[in-house]
Amino acid sequence: MTQHSTPNFDNLRRVLLRQGPPGPVPFIELFADPGLIQSVVGENLSWEMLFAEGIAASAASESRAGLETLLRFCQTIGYDYVWGWTGLHFRRANFQIATDTAAAENWRGGLRFWQDETTGPIQSWADFEAYPWPRPEHISYHGIEHLNAIVPEGMKISVVVSGIFENSSWLMGLQAFSYALHDQPDLVAAICARVGDLTAAALRHAATVDNVGMFFLGDDLGYATETLVSPRVLRQYIFPQYTRLLQIAHDANKLLLLHSCGNLTHIMDDLVALGFDAKHSFEDKIMPVEDVYRRWGDRIAILGGIDMDLLTRGSEDEVRRRTRAVLEVCAAKGTGYCLGTGNSAANYIPLRNFHAMLDEGRRWNRDRMPR
Amino acid sequence: MDLAQLKQRLVDGDAPAVTELTRQALDAGRAAVSILNEALIPGMTAVGELFQNGEYFVPELLLSARAMYAALDLLRPHLTASGVAPAGRVVMGTVQGDLHDIGKKLVVIMLEGNGYQVTDLGTDVSPERFVAAVKESGAQLVGLSALLSTTLPAMGQTVRAIREFDPSGSVKVIIGGAPVTQAFAHSIGADGFGRDATAAVTLARQLLPAP
């Protein structure tokens, strides 16, 4: 495998903080699906290998092997970081599983998990009290501690953090959560606060790990035309929890990036004001990333944005042309933008398109940035 | 009895009030079809406009839908007895391989709230099941939903299956979902693309003959 570049988290940090002088455009992803990873590095990898919560000793070695495969993938692609997770997990069984029907080059067999939007393990105060909430002292950090020990010079760890709105609404099911905003608002407030407490505890500990460079909070708040719930609800229940997480990250001199899908036009100013260092996840159908960059790029770093539908169903030539067009706008200043997909390096993106996007980024850096 | 208050309580998402006011209206001798046409449908139309304008969101729409269904439960026996025809018959479903439900559910709510009879097939629906449901229900409109780019091909397959069953094109097909665009709808021969739940009602009114 060819390692395309030497990791340089200092450059990534400079870009995310929108500082000069102009430099190479880094690559960024929230994460990559195991199927894509194993196709690039030629090693077996599964989601189970990557999570370290409550693992037995025998599974621990498999988990370490999985993380080392992940690290090799990140080095091969040229990311300045490797992503990892804490062991914070909210137990629930309200998801549906179906065969992954994506006719993808890099995923043979396997299943796709879908969120049950109707209900969840917490529907009442009795359920809230009976729910097996994680205890902060029992949250495992084996994964990021192992990465901390093996990450090479110049590379840092991005800790992927599961979202406040997502976990709170998933614990009830979005439909039940919606009714509860009217019928049981105190219960909604309690769930959001508890999820916030535990997420804050995990962040606080992870921030003490030397090679953690940033946190990447994944919290989908919207869909094609709007946020799922009103901005008023988000400001009341969710944004105060974001404020806590941002305080923890920034006090430890770590960055906090937000991945959030959907049309967030009516809350982007809120997200900027809260202090997120960057925003990820954009779709051409909602607002092309270069339009987002023009509108907010002077106040928050803009990440990725090469449309998932284009990457999935477009030709390699279309992907290359689109990537160059995005770079012409978003990378012109040499800071404040990182190149990547509009959502994640999913298993259903044809490898040739994924590599084409990255290749255009390398050409841009070669042609535009002085050695 | 003034039905304006019933309409407003529906818009407010107040299910207990809507239930009580519907009962009062029926007890006062108002015809079920009159309650439907003068309060419920206008109420859901107003809800749809608020949703489309970004003033109502998923929770508000669900609360109004809960109130609407509470009223419909009271009206249904009366509507059936009086032989009131629906505004149209629709089959809805999320296409094969896709399990996303709530987007499709919101469309069902808006269509039923506007007097359409909807057969909701749920998720992961094969082209064959869509065709079977059209045959059984006599539906004139089929609505397809998908969340992922990878399940879009199933939309094309479903459109082809419906065209094979109905070469005349009298059964219309509309599509929607996160990766769906007007261009994609045109490419697979769908009759319309709806960007949200309210748009689906507009399309249904445009594509189907008035009852």
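Letters A, B, ... mirror the listed sequences (proteins, then strands); counts begin at 1.
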Roughly how far, to the nearest 0.5 Å, is the CD atom of Q115(A) from the CG atom of L99(B)? 11.5 Å
So for L61(B), is it side chain, backbone, both, or neither that comes closer than 4.5 Å to the heavy atoms of chain A? neither
For the candidates D124(B), L148(B), T123(B), which exhibits the highest count of non-hydrogen atom pairs separated by less than 4.5 Å from chain A? L148(B)
Heavy atoms of K285(A) and T181(B) approach each other most closely as CD-CG2, 4.3 Å
Name the region of S230(A), side chain, backbone, both or neither, that has any atom closer than 4.5 Å to a heavy atom of chain B. both
Determine whether more than 12 heavy atoms belonging to other residues, nucleotides or ligands lie under 6.0 Å from atom CZ of R92(A). yes
Interchain contact, D307(A) with chain B, by part (heavy-atom threshold 4.5 Å): neither
Please determine, among D284(A), D183(A), V233(A), I286(A), the option with the most heavy-atom pairs under 4.5 Å with chain B. D183(A)
Of the backbone (N, CA, C, O) and the side chain (C-beta and beyond), which part of L181(A) lies under 4.5 Å from a heavy atom of chain B, both, or neither? side chain
Please round to the nearest 0.5 Å and tell me the distance separating atom CG of L152(B) and atom OG1 of T312(A). 9.0 Å
If you define the side chain from C-beta out and look only at heavy atoms, does anything of W114(A) sit under 4.5 Å from L147(B)? yes
Please classify the contact between T227(A) and chain B as side chain, backbone, both or neither, with a heavy-atom cut-off of under 4.5 Å. both
When D309(A), D116(A), T118(A) are compared by non-hydrogen pairs under 4.5 Å with chain B, the top option: D309(A)
Below 4.5 Å from any heavy atom of chain B, which atoms of Q175(A) appear? Answer side chain, backbone, both or neither. both
If we count only N and O atoms by modelled type, under 3.5 Å, do the side chains of H100(B) and E117(A) hold a donor and an acceptor together? yes
I'd like to know if the side chain of E226(A) reaches the main chain of F57(B), judged simply by a donor and an acceptor atom lying under 3.5 Å from each other, with no hydrogens or angles considered. no
Measure F51(B) against the heavy atoms of chain A and call it side chain, backbone, both or neither at under 4.5 Å. side chain
If you compare all heavy atoms of L62(B) against all heavy atoms of Y179(A), which two are closest, and at what distance to 0.1 Å? O-CE2, 3.6 Å
Check the surroundings of atom NZ in K7(B): do more than 12 heavy atoms from other residues, nucleotides or ligands lie under 6.0 Å from it? no
